[in-house]
Amino acid sequence: MQDSSLTDSPARHLALQGASNFRDLGGYSTTDGRTTRWRHIFRSNHLGQLTAADVEIVRALGVRSAFDFRGVEERAAGICVVEEIAVHSLPIEPTVVAALRAELVAGRLTAPVASEIMRDSYRNYVRHNTHSFRTLFGHLLEDRAPLVIHCTAGKDRTGFASALILHALGVSDDVIAEDYLLTNQHYKRDALAAIDLPEDVRNAIGSVEASYLAAAFEAVGKEYGDLETYLREGLKLGTAQRDALKERYLQA
């Protein structure tokens with residue numbers, strides 16, 4: 001997938017120095033013939049290391065709100081440096097690294113084990129953290145755009161949230177999967193993160209795989225029957241709410 005859907009479209013990926021995975025969810029076609037609006041919803045890794053030049057770019061975009069899925073300690077380690085952005089905490093505490101270290105101590109840690117731990121963390125987004133995604137959609141319905149959704153890396157919690165938004169707006173599964181995988185082109189891992197873990201394990205948790213996102217949607221099917229039921233009952237997006245989202249975030 002190209003960074004822009006059309007040659008004259010805005011850049012999808014904004015190459016910030018302090019946030020490598022800052023991307024626009026605009027420009028995607030929907031099944032009803034419309035397109036997601038550019039420069040309304042962004043997804044990113046955290047905003048605590050933006051440079052002065054980055055801050056000016058974000059200000060020029062008009063971003064007014066950030067929806068932050070990081071846990072308590074993560075937030076404290078990287079507070080948003082753009083003063084005028086209102087940050088809304090929707091905490092999903094990280095579990096992956098602790099689970100990996102437990103497997104390391106037990107002598108069972110391999111890259112395939114790490115990948116399965118990643119998949120299980122995605123299942124838990126549905127099983128244990130649906131309330132955070134429900135709250136996000138409540139905010140989206142208040143029309144706070146331009147806005148940014150992020151966690152620490154902007155790939156897992158943010159990746160699932162972005163996939164849900166695009167689904168709710170009527171974007172096709174294939175395009176949603178392509179958007180999700182763009183992280184592997186743009187995200188620059190912290191070289192010092194989880195340095196005690198083997199390199200192949202760090203590679204597994206520092207990237208995204210189609211199977212990770214698929215695990216979340218498998219959990220949706222198991223817990224709710226299907227995605228439409230999850231949107232309606234889990235996220236409280238009835239017909240009126242879906243229509244309102246489309247009115248705000250789609251264009252002809």
Side-chain angles (χ1 to χ4, degrees), residues 1-69 80-88 136-137 139-151 153-188 208 213 244-252:
M1 173 181 289
Q2 299 298 315
D3 274 1
S4 295
S5 298
L6 299 170
T7 55
D8 59 351
S9 296
R12 180 168 307 288
H13 174 247
L14 287 87
L16 304 180
Q17 293 299 306
S20 61
N21 205 16
F22 195 104
R23 310 195 323 250
D24 195 326
L25 289 182
Y28 290 134
S29 297
T30 63
T31 55
D32 64 359
R34 291 187 279 179
T35 305
T36 56
R37 291 184 186 274
W38 286 104
R39 299 305 191 243
H40 274 58
I41 301 176
F42 299 93
R43 53 171 297 178
S44 183
N45 47 324
H46 77 87
L47 307 178
Q49 295 178 339
L50 298 183
T51 66
D54 293 338
V55 170
E56 291 308 309
I57 292 171
V58 173
R59 283 178 173 153
L61 293 170
V63 175
R64 298 182 296 168
S65 301
F67 301 99
D68 183 355
F69 286 111
C80 178
V81 298
V82 187
E83 293 179 359
E84 60 267 41
I85 289 180
V87 179
H88 304 268
L136 171 65
F137 277 97
H139 285 297
L140 294 177
L141 284 163
E142 296 175 2
D143 196 13
R144 295 169 178 264
L147 58 90
V148 60
I149 298 159
H150 74 88
C151 49
K155 67 185 189 69
D156 300 313
R157 291 163 288 190
T158 298
F160 183 52
S162 298
L164 290 174
I165 290 167
L166 294 176
H167 271 297
L169 293 174
V171 176
S172 72
D173 291 352
D174 288 347
V175 171
I176 290 169
E178 289 175 356
D179 178 81
Y180 172 75
L181 292 171
L182 281 177
T183 282
N184 291 336
Q185 294 183 32
H186 300 300
Y187 177 57
K188 296 178 182 177
V208 292
L213 188 60
L245 280 174
K246 292 177 180 180
E247 181 65 25
R248 285 167 168 79
Y249 301 112
L250 297 183
Q251 61 189 25

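Keep in mind that this is a model prediction, so the values were computed, not measured.
- Residues satisfying the side-chain hydrogen bond (donor to acceptor under 3.5 Å, both in side chains) test with T30, not counting sequence neighbours, are D32.
- Not one N or O on the side chain of R39 forms a donor-acceptor pair closer than 3.5 Å with the backbone of L61.
- Partners of Y249 by side-chain hydrogen bond (donor to acceptor under 3.5 Å, both in side chains), not counting sequence neighbours: none found.
- You'll find the side chain of R23 reaches within 4.5 Å of the side chain of D179, heavy atoms only.
- With sequence neighbours excluded, the residues forming a salt bridge (Lys or Arg N to Asp or Glu O under 4.0 Å) with E84 are R59, listed by chain and number.
- Between L166 and V175, the closest side-chain pair of non-hydrogen atoms is not below 4.5 Å.
- Residues that satisfy the salt bridge (Lys or Arg N to Asp or Glu O under 4.0 Å) test with R64, not counting sequence neighbours, are absent from this structure.
- Taking 4.5 Å as the limit, every side-chain heavy atom of L213 sits out of range of all side-chain heavy atoms of V208.
- Applying the ring pair (Phe, Tyr, Trp, His ring centres under 6.0 Å) test to Y180 and every residue at least two apart in sequence or in another chain returns nothing.
- With values rounded to the nearest 0.5 angstrom, L140 atom CG is found 6.0 Å from L147 atom CG.
- The shortest distance between side-chain heavy atoms of I57 and L50 does not fall below 4.5 Å.
- Looking at residues two or more places apart in sequence or on another chain, you find a side-chain hydrogen bond (donor to acceptor under 3.5 Å, both in side chains) between E142 and R144.
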**Prompt:** Hey, mind stepping through T36 and L25 against side chain to side chain contact (heavy atoms under 4.5 Å, CB included) and telling me if it holds?
**Reply:** CA-CA 7 Å; T36 56; L25 289 182; 5.6 Å; no
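- Scanning for salt bridge (Lys or Arg N to Asp or Glu O under 4.0 Å) contacts around R37 gives an empty result, with sequence neighbours left out.
- Screening residues 154-170 for salt bridge (Lys or Arg N to Asp or Glu O under 4.0 Å), with sequence neighbours left out, gives E74-R157.
- Residues that satisfy the side-chain hydrogen bond (donor to acceptor under 3.5 Å, both in side chains) test with T51, not counting sequence neighbours, are D54.
- For D173, the side-chain contact (heavy atoms from CB on, under 4.5 Å) test picks out H167, with sequence neighbours left out.
- Looking at residues two or more places apart in sequence or on another chain, you find a salt bridge (Lys or Arg N to Asp or Glu O under 4.0 Å) between D68 and R70.
- Atom CD1 of I41 and atom CD1 of I149 lie 5.5 Å apart (nearest 0.5 Å).
- For the pair H13 and L182, the minimum side-chain heavy-atom distance is 4.5 Å or more.
- Within the 3.5 Å criterion, the main-chain N or O of R43 finds no donor-acceptor partner in the side chain of T158.
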**Request:** Run the numbers on V81 and L47 for side chain to side chain contact (heavy atoms under 4.5 Å, CB included), then give the verdict.
**Result:** CA-CA 7 Å; V81 298; L47 307 178; 5.7 Å; no
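- Side chain of N45 to backbone of N21: a donor-acceptor contact under 3.5 angstrom is found.
- Partners of H40 under the ring pair (Phe, Tyr, Trp, His ring centres under 6.0 Å) rule, at least two apart in sequence or in another chain, do not exist in this structure.
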